[in-house]
Amino acid sequence: MSEGSVRLATWNVNSLKARLPLLERWMVGTQPDVLCLQETKLADDAFPTGFFSDLGYEVAHHGNGPWNGVAIVSRVGLEEADRGFADDVAGEAETRLVRARCGGITVVCVYVPNGRSVDSEHYQAKLAWLDALHGYVAGTRPAGSDVVVCGDFNVAPSDLDVFDPAFFEGATHVTPAEREAVARLLDLGLEDALRMQYPETGGLFSWWDYRAGNFHKGRGMRIDLILASRSLAERIEWVLIDRNARRGQGSKTEPQPSDHAPVVMGVRK
DNA sequence: ATGGTAGAGCATCTA
């Protein structure tokens with residue numbers, strides 16, 4: 001990209017340790033300036049800081065065990081790192097949020113709880129977590145500054161974002177309450193970067209179940225989002241979902257993919 | 001129209 005732009009990406013890697021071979025190849029090829037990772041599945045003391053510093057990046061990780069775990073990786077500066085919500089919130093121990101200031105942009109990296117099923121307590125916890133996120137994001141004052149909130153939201157914002165709305169009836173990720181929670185985030189002064197570029201294009205998915213050949217059948221959803229504050233959104237040059245990074249499943253010679261593809265955005269400085 | 005996969009880690013649990 002041109003000298004005057006910043007490349008920001010988000011990727012749920014489904015275990016950083018398992019994904020290192022593919023991640024290295026992808027970072028060398030893509031050259032992100034800021035990369036948000038979810039589901040590192042690592043405790044902080046097991047985080048491979050040297051892997052990233054060798055590639056020229058600083059990191060802020062928030063993880064405490066074999067589940068969840070989020071990180072911000074940056075080569076345009078990484079300051080004011082902040083882990084988790086400020087106050088006690090359900091799920092606060094689950095290491096699902098990390099924030100840092102990178103190259104003048106406030107970056108909030110999130111891994112929203114899955115919710116499992118609508119009738120489960122985990123679904124209620126998901127809604128509570130999204131509510132806490134709303135308060136947290138409001139505190140970053142997105143209406144007046146360069147803020148990005150990105151990551152795995154485990155919510156498909158509209159029916160355009162799923163391969164078949166009928167298939168997901170009664171399931172999590174598509175309920176009015178979850179979609180309302182995302183809409184309320186946007187109301188703070190954020191834009192859904194990819195949807196802004198492609199307002200009516202279906203099939204732009206970021207996640208496909210590993211099973212049943214769903215990736216090759218196009219049976220996915222768009223749940224990995226980059227929400228950009230308006231000052232940033234008006235400088236977006238392009239947004240893409242890198243499906244190439246989702247290929248190779250089951251191959252003996254290709255590095256194995258996550259079930260998520262990275263979402264990448266180029267922004268003028 | 002989930003459960004055929006994958007990753008945690010060693011029996012299942014989570015997604």
Side-chain angles (χ1 to χ4, degrees), chain A residues 10-26 36-48 51 61-71 90-97 109-130 151-156 159 161-175 178 202-203 205-225 241 243-263:
Chain A
T10 181
W11 193 3
N12 179 326
V13 290
N14 185 24
S15 170
L16 180 57
K17 187 176 174 215
R19 216 58 60 212
L20 283 178
L22 180 59
L23 182 63
E24 177 166 21
R25 188 172 84 176
W26 184 85
C36 292
L37 300 172
Q38 301 86 38
E39 282 205 88
T40 63
K41 296 186 175 178
L42 291 174
D44 286 333
D45 60 11
F47 190 84
F51 170 89
H61 181 247
H62 185 37
N64 62 4
W67 310 113
N68 314 314
V70 286
E92 176 63 1
E94 295 185 352
T95 62
R96 296 178 178 274
L97 181 146
C109 169
V110 300
Y111 175 45
V112 177
N114 175 286
R116 302 192 195 182
S117 62
V118 172
D119 60 3
S120 104
E121 63 193 58
H122 299 278
Y123 174 74
Q124 295 304 324
K126 177 182 193 176
L127 296 178
W129 199 93
L130 283 164
D152 178 357
F153 283 74
N154 272 315
V155 179
D159 281 351
D161 299 311
V162 301
F163 75 89
D164 177 9
F167 179 85
F168 291 98
E169 262 178 49
T172 60
H173 295 56
V174 300
T175 65
E178 289 163 281
F205 305 138
S206 66
W207 173 87
W208 303 259
D209 196 303
Y210 278 125
R211 292 166 287 195
N214 275 359
F215 175 65
H216 293 285
K217 293 175 187 167
R219 303 166 64 88
M221 357 175 41
R222 188 176 71 95
I223 57 178
D224 298 273
L225 311 177
I241 300 175
R243 281 197 197 83
N244 266 335
R246 179 62 177 80
R247 291 163 55 167
Q249 185 183 348
S251 164
K252 289 190 167 66
T253 53
E254 290 294 302
Q256 289 307 289
S258 169
D259 45 355
H260 297 250
V263 186

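These numbers were taken from a predicted model, which means no experiment stands behind them. Letters A, B, ... are given to chains in the order of the sequence lines, protein chains preceding strands, and every chain is numbered from 1.
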Inset, instruction - Kindly point out which of B:dG4, B:dA6, B:dA15 is positioned nearest to the side chain of A:Arg96? - result: B:dA15
Legend entry - Same-atom distance (C1') from B:dT14 to B:dG9, integer angstrom: 13 Å
Legend entry - Atom-pair distance (CG on A:Leu22; P on B:dG7), nearest Å: 11 Å
Inset, instruction - Determine the contact category for A:Tyr111: base if any of its heavy atoms lies under 4.0 Å from a base atom, sugar-phosphate if only primed atoms, P, OP1 or OP2 are that close, otherwise nothing. - result: sugar-phosphate
Inset, instruction - Would you verify whether the NZ or CZ of A:Arg219 falls within 45 degrees of the ring axis of A:Phe167 while also being under 6.0 Å from that six-membered ring's centre? - result: yes
Inset, instruction - Could you check A:Asn214 against A:Asp259 and say which one's nearest nucleotide on DNA chain B is further toward the 5' end? - result: A:Asn214
Legend entry - Residue-phosphate contact under 4.0 Å: A:Arg219 side-chain N/O, B:dT2 OP1/OP2: no
Inset, instruction - Would you mind reading off the distance between A:Lys217 atom NZ and B:dT2 atom P, rounded to a whole angstrom? - result: 14 Å
Legend entry - Nucleotide B:dT5, atom P - distance to NE2 of A:His216 in whole Å: 13 Å
Legend entry - Separation of B:dA15 C1' from A:Asp224 CG (nearest whole Å): 13 Å
Inset, instruction - With DNA chain B as reference, determine whether A:Trp207 or A:Gly115 sits nearer its 5' end, using the nearest nucleotide of each. - result: A:Trp207
Legend entry - A:Lys126/A:Glu178 ion pair, N-O < 4.0 Å: yes
Inset, instruction - Check every strand shown and say whether A:Gln249 touches a base, only sugar-phosphate, or nothing at a heavy-atom separation below 4.0 Å. - result: sugar-phosphate
Inset, instruction - With rounding to the nearest 0.5 Å, note down the distance linking CG in A:Leu20 to CZ in A:Arg25. - result: 14.0 Å
Legend entry - Spacing between A:Asn12 atom CG and B:dT5 atom C1', to the nearest angstrom: 15 Å
Legend entry - B:dG7 and B:dA1, which share atom name C1', separated by this distance in whole Å: 24 Å
Legend entry - Rounded interatomic separation in angstrom, taking CG from A:Asp152 and P from B:dG7: 16 Å
Inset, instruction - Starting from P on B:dA6, measure out to NE2 on A:His260 and report it in whole angstrom. - result: 15 Å
Legend entry - Spacing of CH2 belonging to A:Trp208 relative to NE2 belonging to A:His216, to within rounding of 0.5 Å: 10.5 Å
Inset, instruction - Could you tell me the separation between the CH2 atom of A:Trp208 and the C1' atom of B:dA15, rounded to a whole number of Å? - result: 16 Å
Legend entry - Candidate list A:Asn12, A:Val155, A:Asn154, test side-chain contact (heavy atoms from CB on, under 4.5 Å), partner A:Ile223, passing option: A:Asn154
Legend entry - Salt-bridge criterion met for A:Glu39 and A:Arg19 (N-O under 4.0 Å): no
Dump every N/O contact between nucleotides 8-14 of chain B and the protein below 3.5 Å, one line per pair.
residue, atom, partner, partner atom, Å
B:dA8, OP1, A:Ser15, OG, 2.3
B:dT14, OP1, A:Arg116, NH2, 3.4
B:dT14, OP2, A:Arg116, NH1, 3.4

Legend entry - Nucleotide of B:dA1, B:dG7, B:dT5 approaching A:Phe167 most closely (side-chain heavy atoms): B:dA1
Inset, instruction - Can you label the angle between the A:Phe163 ring and the A:Phe168 ring as parallel, tilted or perpendicular, going by 30° and 60°? - result: perpendicular
